[in-house]
Amino acid sequence: MSELKTGTFSVSDLENVQINIGSIVGAIEKTAAEEGEVGPTIKPNISGLRDWDYKLLDRYNAVYTPMCDQCCYCTFGTCDLTGNKEGACGINMEGHNAREFMLRVITGASAHSGHGRHLLHHLIDKYGADYPLKVGQTNIIAPNVQMVTGKKPETLGDLEDALGYVEEQLVQLLACVHMGQEGEAIDFESKAMHGGMLDHVGMEVSDIAQISCLEMPKADEEPPLSEIGMGTIDSEKPVLLVIGHNVAGVTDIIDYMEDNDLTENMELCGLCCTALDMTRYRTEGGDVPKAKVVGTLAKELKMIRSGVPDVIVVDEQCVRADVLREARELMMPVITTNDKIMYGLPDRSEDDVEDIIDDLKSGREDGALILDFEKLGEVAPRLTQEMSKIRKEKGVVSLPTEEEFNELTSRCVHCLACELECPTNLPISDAMTAAEEGDLRAFELLHDKCVGCGRCEQACPKDIPVLNVIEKASQKVIRNEKGKVRVGRGQISDPEIREEGVNLVMGTTPGIIAMVGCSNYPDGTKDLYRIADEMLRRNYIVLMSGCSAMDLGMYQNDDGETLYEKYPAKFQKGNLINVGSCVSNSHITAAAIKVAAIFAQRNITGNYEEIADYVLNRVGAVGVAWGAYSQKASSIGTGCNRLGIPVILGPHGSKYRRALIGKPYEEDKWKVLDARNGETMDIPAAPEFLLTTAETIDEMMPMLAKNCIRPSDNNMGRMIKLTHYIELSEKYLGVLPDDWYRFVRSETDLPLARREELLKKLEQEYGWEIDWNKKKIVSGPTSKLDVSAQPTNVERLCKEA
Amino acid sequence: MSELKTGTFSVSDLENVQINIGSIVGAIEKTAAEEGEVGPTIKPNISGLRDWDYKLLDRYNAVYTPMCDQCCYCTFGTCDLTGNKEGACGINMEGHNAREFMLRVITGASAHSGHGRHLLHHLIDKYGADYPLKVGQTNIIAPNVQMVTGKKPETLGDLEDALGYVEEQLVQLLACVHMGQEGEAIDFESKAMHGGMLDHVGMEVSDIAQISCLEMPKADEEPPLSEIGMGTIDSEKPVLLVIGHNVAGVTDIIDYMEDNDLTENMELCGLCCTALDMTRYRTEGGDVPKAKVVGTLAKELKMIRSGVPDVIVVDEQCVRADVLREARELMMPVITTNDKIMYGLPDRSEDDVEDIIDDLKSGREDGALILDFEKLGEVAPRLTQEMSKIRKEKGVVSLPTEEEFNELTSRCVHCLACELECPTNLPISDAMTAAEEGDLRAFELLHDKCVGCGRCEQACPKDIPVLNVIEKASQKVIRNEKGKVRVGRGQISDPEIREEGVNLVMGTTPGIIAMVGCSNYPDGTKDLYRIADEMLRRNYIVLMSGCSAMDLGMYQNDDGETLYEKYPAKFQKGNLINVGSCVSNSHITAAAIKVAAIFAQRNITGNYEEIADYVLNRVGAVGVAWGAYSQKASSIGTGCNRLGIPVILGPHGSKYRRALIGKPYEEDKWKVLDARNGETMDIPAAPEFLLTTAETIDEMMPMLAKNCIRPSDNNMGRMIKLTHYIELSEKYLGVLPDDWYRFVRSETDLPLARREELLKKLEQEYGWEIDWNKKKIVSGPTSKLDVSAQPTNVERLCKEA
Amino acid sequence: MADVSKNLKVYTTYGPKSAKGTKPAIVAKMIEKAKRPLFVVGSDVLEEKLLARAQAIAKKGIPVAATGHSIKGFIDEEEVDAKYINIHFLGTFLCDPKWGGLDDNGCYDLIILLGHKKYYINQVLSGLKNFSDLKTINIGRHYTQNATMSFGNTTPEVHLEALDELIDNL
Amino acid sequence: MADVSKNLKVYTTYGPKSAKGTKPAIVAKMIEKAKRPLFVVGSDVLEEKLLARAQAIAKKGIPVAATGHSIKGFIDEEEVDAKYINIHFLGTFLCDPKWGGLDDNGCYDLIILLGHKKYYINQVLSGLKNFSDLKTINIGRHYTQNATMSFGNTTPEVHLEALDELIDNL
């Protein structure tokens with residue numbers, strides 16, 4: 001085959017030439033021109049959206065809380081940077097922490113887009129590059145991809161272009177982590193924002209690829225429910241446990257089980273997002289999920305230690321590094337299926353199925369690496385059947401007996417080492433004391449609060465397997481861990497956006513609360529339930545994803561109902577949506593982008609800045625990563641931030657090292673332009689941060705309501721939002737908030753039922769002038785009510801700037 | 001324009017269709033099939049070369065020396081891993097350190113390939129994608145690219161395919177850094193190897209792109225010499241200083257200066273690899289370099305503090321983070337030119353040249369970001385002219401006066417804080433004492449040993465600007481810092497390989513010593529001179545690159561000659577070569593690959609394992625990164641390691657956290673197969689490590705000779721190598737090495753001059769049986785001499801395995 | 001006398017700089033000497049016995065920044081000047097010399113902390129340690145490396161005793 | 001008496017575990033008690049005054065691992081059992097229970113270190129601390145966190161005095 005070189009060819013010259021079209025498709029420039037209007041930033045490079053970032057960072061300052069005072073990147077070091085000192089390369093504490101934060105963001109983004117690349121290779125192999133993307137009722141198949149890369153993907157193959165861009169940019173950013181690159185914190189911040197944006201493109205690619213190929217629900221308004229919880233697993237049956245985030249290989253297991261009538265004879269259950277995605281597999285149209293969800297990362301060690309699984313299959317991300325070591329103790333073979341996690345196991349991908357099964361069931365090998373999914377599909381379920389028999393025969397036990405339990409609790413010397421080592425400083429010592437006295441309630445409480453990390457055991461000078469003690473004590477609770485989680489639905493459809501968009505933008509739907517992130521909650525999983533229930537009752541739209549979506553399904557109200565059963569699942573006020581797994585988080589930003597596209601008719605193609613500006617000023621959405629934990633959570637959050645969506649983290653989130661916090665007392669920072677004429681408008685400080693932490697759910701409740709306020713609210717919307725802010729503050733903090741009056745532009749913004757009382761306060765406490773006859777505010781507010789104003793932070797978008 | 005989708009098209013159907021050929025070229029699969037033989041690993045993914053890595057790691061064990069006992073990646077942490085404890089995610093100290101090492105490797109690889117991507121975009125923009133690659137007399141334009149990706153690039157555009165692969169893989173590796181990915185250290189090690197291999201592809205792309213377009217020397221056997229040293233800069237003229245690694249923008253400055261007859265009126269000088277590459281620009285064919293080299297990173301702060309530069313232009317990599325802060329103090333405007341380093345400066349790329357110059361010379365702005373190189377080309381030299389006048393008028397002074405100097409040295413309270421903070425623990429306090437007494441020699445000595453990091457100043461409780469004191473005291477020495485460095489020549493040509501390959505493989509040229517890496521020497525720069533001179537006199541080929549290449553040129557012998565002047569520059573025994581800048585390191589691995597390709601006629605295309613196996617067993621090369629420092633050095637070294645080239649680091653290199661060290665006492669590890677028949681052969685422990693450190697040059701000398709020994713040496717080669725090993729050990733350690741006898745297979749392996757003496761030792765000390773009549777060894781040796789044996793570690797390469 | 005100045009063991013470290021161990025009497029003296037002290041309480045202060053002590057300290061005339069939802073414990077208290085603020089915001093503002101304080105009367109010069117999650121307050125203090133010159137004293141139950149001074153790790157009983165001693169000395 | 005057990009200040013830290021400060025007399029006792037001590041010297045030991053002490057210690061019958069090029073200082077000494085080895089190799093082998101020692105007589109149980117670059121030996125010790133149970137004592141002039149025990153940071157004079165005291169006690 002000869003090669004085409006650059007040049008001008010007439011097609012007739014190309015007789016008898018075979019062009020390998022398959023590999024060309026991705027390379028043909030689908031110039032955005034075809035798509036109509038085009039924005040100025042197609043595939044922006046690192047500096048492409050720096051102006052926008054600087055606007056955000058000018059108002060929302062980077063606040064650093066280092067996790068370590070030293071830098072150990074290069075061999076000039078370690079350098080002590082305490083007190084913002086400079087290290088050997090001249091970097092100071094601010095710069096280094098900004099860099100560290102960026103590194104964590106791009107690590108998260110790489111996890112998602114690396115996952116996407118793996119999945120895409122696999123799906124293109126299986127379905128072909130021209131397999132059409134199908135994500136439900138929408139004209140905007142991939143809002144993030146289109147906004148960032150300027151291209152509309154239509155086939156699997158089209159997604160390669162977007163991933164190629166993401167990969168190129170991520171490498172540019174990783175290059176910046178090198179010694180002697182960026183010197184100023186603010187430019188590391190802009191780079192972190194860039195990484196966050198890329199993350200949403202990578203996530204979107206991953207999720208729409210699998211939605212399209214794997215018959216997952218497609219913008220389904222009522223996807224089925226799936227069982228969740230350790231209590232739902234029938235341990236009498238052979239149990240196959242899968243752990244991770246990449247469902248590619250698991251689909252082969254499901255198919256094999258169905259083809260061989262194994263579905264009823266064994267349990268297939270999963271931890272983390274692979275579990276969520278398993279339940280999405282072939283449930284398009286409402287089919288029953290093919291597997292059960294055990295729970296989140298926090299259940300990994302607990303589930304293994306329970307001794308219930310007979311075989312473990314892992315893929316990638318959020319898989320404990322000690323799975324093999326732990327499973328070995330309990331005779332559970334481990335199969336690794338992805339080159340990101342290989343555990344040093346022998347590669348059996350090319351070997352005979354019988355040989356593999358034989359080596360594993362005989363115990364000659366602890367586990368195997370199988371990169372061939374068809375082989376995996378057969379080996380895993382068959383091995384599970386075999387191991388179940390063997391393990392039952394051998395009487396493999398895991399948790400301590402009653403007797404051992406008593407010995408263990410009395411062995412505790414109450415040195416508190418476990419508590420000080422525990423990420424959450426849980427009162428283990430007191431629970432030991434109580435248990436010794438026969439009271440297991442303290443341990444049952446710990447079971448929920450415990451993130452299952454096992455550091456307590458590493459710290460214990462008496463070698464007490466603390467986690468086993470907790471789990472043993474909580475057997476009753478665990479047996480009742482039976483909940484429901486709604487299967488992930490993917491995107492929000494165009495009709496839904498069309499209907500609900502106006503309410504969101506005008507503020508009559510008070511806001512969107514998106515609960516994402518990991519299960520590293522400061523005070524147990526029930527808090528999620530409290531947040532969601534409170535906000536749903538107040539008609540907020542609540543979006544869930546990933547670990548949060550799972551944990552929310554673990555709690556039942558007094559009627560035995562989970563919130564998924566209690567609330568409907570449309571994109572509509574008072575509805576509760578599970579978008580899906582970790583990579584489905586892209587649909588949350590996508591929803592905001594689609595509001596701009598569909599409701600406001602903004603061009604999104606290559607038009608990041610305008611859309612982010614729109615979202616920041618008009619879409620009342622707040623992200624919550626209450627159990628913030630992994631690097632992915634930092635990249636998801638940062639991607640939201642660049643798009644103008646504020647995010648609240650739980651207290652552990654302070655360990656991301658940096659927040660983005662505004663200063664309401666800096667008056668000059670709270671201004672926007674009116675796009676109609678370029679005039680400056682005062683706005684209240686909302687959102688008052690892009691990334692911050694809260695200590696408790698009670699503290700966060702009013703923060704949620706307050707930070708759904710946007711400059712563009714009409715008076716009905718502002719009134720509703722302010723009402724919730726005031727009510728939540730009074731309910732959870734017991735006080736009227738200090739700054740409630742700052743959100744009042746006119747008397748119509750005031751909560752209807754309390755208008756008179758609040759007008760009085762405005763007069764007496766804040767010196768505003770009130771016309772009591774008309775019950776109107778005469779003077780006082782700093783921001784004006786002008787429903788037709790078009791708030792923007794971007795000068796070029798103003799008509800007469 | 002309509003889109004071509006996947007499918008089969010007959011060309012005649014495509015009437016009236018315009019195909020955008022330009023963007024297709026890169027995508028057309030140049031299947032390696034066309035290139036003749038193809039190896040099994042075209043574009044290997046993470047697990048693609050795992051078997052090979054495991055072979056290496058089985059013999060060369062990963063040895064961890066953590067820089068920190070904690071992990072602070074995620075918000076479950078910080079976790080204390082001391083004593084190989086497990087953290088919250090289950091990772092232990094080994095796993096975490098392997099991960100940390102891998103992260104540093106891919107950071108280095110990203111710096112190089114990110115640099116390559118930037119450069120390639122720029123050069124394609126300027127020269128077109130079909131611009132032919134020209135690297136000198138060779139049929140293998142890009143050995144690393146061809147070996148790894150299975151493709152032979154011929155044009156600039158072809159390089160994009162290789163970079164795309166590198167970027168995809170680097171993102172896969174960064175994904176593995178995420179919490180909950182790889183759990184076992186050994187697989188992180190294999191991933192690190194992968195990153196190192198990718199690095200050499202990325203470097204090669206970068207360097208051959210610039211060699212081709214920028215008229216750099218092309219495998220030149222005698223490139224010109226360039227001036228080097230702070231003493232060569234005429235500070236009376238306006239001085240423009242460039243810092244970094246990416247010469248793209250600087251070429252525009254050079255062109256502008258020439259076009260406007262500024263060359264004689266001002267000094268253009270550079271620090272780090274940008275400086276080296278400046279001297280390569282348009283010196284193809286022997287032209288005089290267009291600029292001077294100041295020196296390495298270690299000179300950055302010193303050069304700025306000297307007050308000599310009038311304007312500073314920075315690009316990327318190894319640029320101190322405090323350049324802007326330091327330059328501000330001395331009224332030197334700073335221009336950033338690359339989005340990897342922007343220092344928070346306003347983007348003036350779109351602004352008028354006059355406005356930019358005006359804002360900078362008036363001091364209204366400290367600096368500017370200019371991403372438009374044409375504009376940069378004009379602004380930088382013009383501004384330099386202006387600033388020179390202004391700064392002279394204002395009498396900007398930098399270093400302390402005599403009086404201030406005396407005050408400063410007497411202010412010292414000798415608390416030793418500076419010494420303990422100094423990366424090298426230099427005796428600053430004693431030098432202060434001596435200086436107080438009028439003796440500056442101690443400071444002059446420090447000036448060479450000091451890496452110019454400035455940590456001493458951060459530590460000083462008395463706020464003494466220690467570095468200024470050192471520099472002031474060393475003015476006499478600095479004025480004499482005038483050396484020569486040979487301009488980087490790029491690749492080794494095919495004819496050179498053809499001629500010298502046989503000597504190298506048979507061992508009659510005792511070995512290649514490749515001195516790479518940064519200027520973080522444990523005992524000053526002169527050590528480099530000592531190594532090179534010693535090995536050159538012994539007929540080793542010495543290859544230099546990057547910072548080492550520069551520092552070597554700073555030393556003159558008693559005749560006032562640098563080694564570059566003393567030794568010729570062919571690829572031939574006893575020759576001294578500078579391949580070029582940091583990215584030119586790829587030519588060192590390329591030389592080894594080419595020996596396999598040209599001398600041994602091995603197919604290299606997609607054939608990594610076989611080539612690495614060849615190099616490990618037959619090519620006696622040792623890398624030295626004596627000043628190991630940046631993350632790039634770790635990736636360069638690791639890329640060498642995977643290819644079977646051992647690397648020795650200076651003591652600071654221990655802070656890379658891990659070494660790869662063999663255990664000579666584990667006898668079963670020192671065996672290879674004979675490819676002729678698959679039989680096992682005993683080999684001596686050489687190379688006995690892939691990565692280790694040495695404390696001093698004296699210690700390293702015999703290590704160099706010993707680790708050039710290869711199983712394939714014929715008896716002449718072995719004799720020569722052993723002679724050097726023994727001589728160097730006796731010369732530098734004073735002893736006959738303990739293990740010299742292990743390298744003896746027959747009496748012909750013994751150094752000729754000492755055969756009898758050594759035979760006696762073999763008999764008396766080691767119990768070997770000697771036939772004294774024939775002066776032959778009868779029994780004793782563990783490895784056999786068989787010159788036609790074909791040592792290999794790869795079973796499949798054996799004829800009858 | 002409750003000796004809370006011992007057991008400064010850290011389970012992980014931020015770097016070489018660590019809070020000094022301190023005693024109730026010393027803390028009392030420092031508060032006396034401070035011009036603008038601020039008592040920053042977290043939600044864990046709502047535990048009954050701790051709350052009583054916190055209220056008592058507040059009643060000595062030290063303004064209270066009630067973080068988390070701790071303000072609930074101070075609403076109906078006479079003589080207590082307490083305001084809600086998010087601790088991460090507070091940490092940010094405290095590094096800003098332009099901040100007017102909770103009452104617009106200017107910056108604080110001494111921060112006393114009680115009732116916070118250890119890992120959380122240690123992070124907030126990491127910011128203050130690195131980016132301000134503010135003196136911070138944690139009188140909570142766990143040693144926090146990033147404060148200027150801190151009580152050591154203690155049992156709840158010893159801790160309450162120490163707080164009582166502090167109150168007596170104010 | 002030279003008090004080298006003070007000034008354990010670290011300028012950067014590896015983590016919460018740190019070498020105990022120690023005194024010459026204690027070191028002497030530990031060497032006495034050890035079954036297989038090994039005296040590991042680095043190239044800085046070649047400085048004249050230090051070398052004299054190192055030789056004196058070696059002559060007390062402790063086998064010497066001479067790292068760097070320090071072997072030069074022990075070649076012609078009687079009663080000294082010194083062998084060259086690279087310190088990074090030595091650190092590796094010491095973590096391997098299968099290693100036979102420099103003389104094939106088995107593993108060591110106590111490592112005494114002198115004359116190394118601080119940053120380098122601290123790294124090697126980091127490996128031993130994390131991956132072996134070996135006791136290590138640095139009697140060099142700088143406090144090294146990663147040893148089991150270490151002299152503190154001292155002046156050269158005090159350091160020599162301490163070494164003399166150690167020799168006297170052996």
Side-chain angles (χ1 to χ4, degrees), chain A residues 5-6 11 14 21-25 27 29 46-47 67-68 72 75-76 85-86 88-91 95 107 110-111 114 129-130 167-168 170-172 174-184 186-187 317-322 339-344 423 453 455 458 629-631 652 655, chain B residues 4-6 11 14 22-25 27 29 46-47 67-68 72 75-76 85-86 88-91 95 107 110-111 114 129-130 167-168 170-172 174-184 186-187 317-322 339-344 423 453 455 458 629-631 652 655:
Chain A
K5 293 282 165 189
T6 309
V11 171
L14 291 175
I21 303 285
S23 63
I24 292 174
V25 170
E29 287 285 337
I46 297 182
S47 62
M67 266 305 268
C68 175
C72 60
T75 76
F76 266 166
K85 273 196 294 196
E86 287 181 7
C89 68
I91 206 162
T107 302
S110 294
D130 54 351
E167 287 161 349
E168 177 184 319
L170 285 174
V171 169
Q172 293 289 317
L174 180 54
C176 297
V177 172
H178 197 275
M179 180 281 311
Q181 300 274 35
E182 190 54 74
E184 285 295 322
I186 190 165
D187 269 314
Q317 297 168 65
C318 303
V319 182
R320 290 184 60 87
D322 55 0
D339 54 18
K340 296 192 192 76
I341 304 181
M342 299 190 280
Y343 285 160
C453 76
R455 277 172 67 189
Q458 301 287 321
Y629 158 30
S630 83
Q631 293 88 33
H652 282 293
K655 289 183 262 179
Chain B
L4 291 182
K5 293 284 166 189
T6 309
V11 172
L14 292 176
S23 63
I24 291 175
V25 168
E29 287 285 337
I46 297 182
S47 61
M67 268 303 270
C68 176
C72 60
T75 76
F76 266 165
K85 273 197 294 194
E86 288 182 8
C89 68
I91 206 162
T107 302
S110 294
D130 55 350
E167 287 160 349
E168 176 183 319
L170 285 174
V171 169
Q172 293 289 317
L174 180 53
C176 297
V177 172
H178 196 276
M179 179 282 311
Q181 301 272 37
E182 191 54 73
E184 286 294 324
I186 190 166
D187 269 313
Q317 297 167 67
C318 303
V319 182
R320 289 185 60 87
D322 56 0
D339 54 19
K340 295 192 193 76
I341 304 181
M342 299 190 281
Y343 285 160
C453 77
R455 276 171 68 187
Q458 300 288 321
Y629 159 29
S630 83
Q631 294 86 35
H652 282 293
K655 289 184 262 179

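Numbers restart at 1 for each chain; the letters A, B, ... are given by sequence-line order, proteins then strands. None of these values were measured; they are calculated from a predicted model. Heavy atoms only: backbone and side chains are in, while hydrogens, waters and symmetry mates are out.
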Fill in the blank from the handout: Scanning both residues in full, the closest heavy-atom pair of A:I341 with B:G180 reads CD1-O, 3.6 Å

Exercise for the section: Could you tell me which portion of A:R455 (side chain, backbone, both or neither) has an atom closer than 4.5 angstrom to a non-hydrogen atom of chain B? Expected result: side chain

Fill in the blank from the handout: Pair count under 4.5 Å, heavy atoms only, with chain B: among A:C176, A:C68, A:A111, A:C318, highest is A:C318

Practice task
Using a cut-off of under 4.5 Å on heavy-atom pairs, state which of B:V177, B:I91, B:D187 scores highest against chain A.
Solution key: B:D187

Completion exercise
Pair count under 4.5 Å, heavy atoms only, with chain B: among A:G183, A:C453, A:G90, highest is A:G90

Fill in the blank from the handout: Separation between CZ (B:R320) and CE (A:M179), nearest 0.5 Å, reads 10.0 Å

Completion exercise
Checked A:Q172, A:M67, A:H652, A:K85 vs chain B; the most non-hydrogen pairs under 4.5 Å come from A:Q172

Fill in the blank from the handout: Shortest non-hydrogen pair, B:E182 vs A:Y343, comes out as OE2-N, 2.7 Å

Practice task
Can you tell which part of A:I186 gets under 4.5 Å to a heavy atom of chain B, answering side chain, backbone, both or neither?
Solution key: side chain

Exercise for the section: Locate the shortest heavy-atom distance separating A:Q181 from A:A175; write the atom from each residue and the value. Expected result: NE2-O, 3.0 Å

Practice task
Find the one option among B:D339, B:L170, B:I46, B:V319 whose heavy-atom pairs under 4.5 Å with chain A are most numerous.
Solution key: B:D339

Fill in the blank from the handout: Max heavy-atom pairs within cutoff under 4.5 Å with chain B, candidates A:M342, A:Q317, A:K655, goes to A:M342

Practice task
Ignoring hydrogens and angles, tell me if any N or O in the side chain of B:Q631 forms a donor-acceptor pair with the backbone of A:H178 under 3.5 Å.
Solution key: no

Practice task
Looking only at non-hydrogen atoms, find the nearest pair between A:V171 and B:G114 and report the distance.
Solution key: CG1-N, 4.2 Å

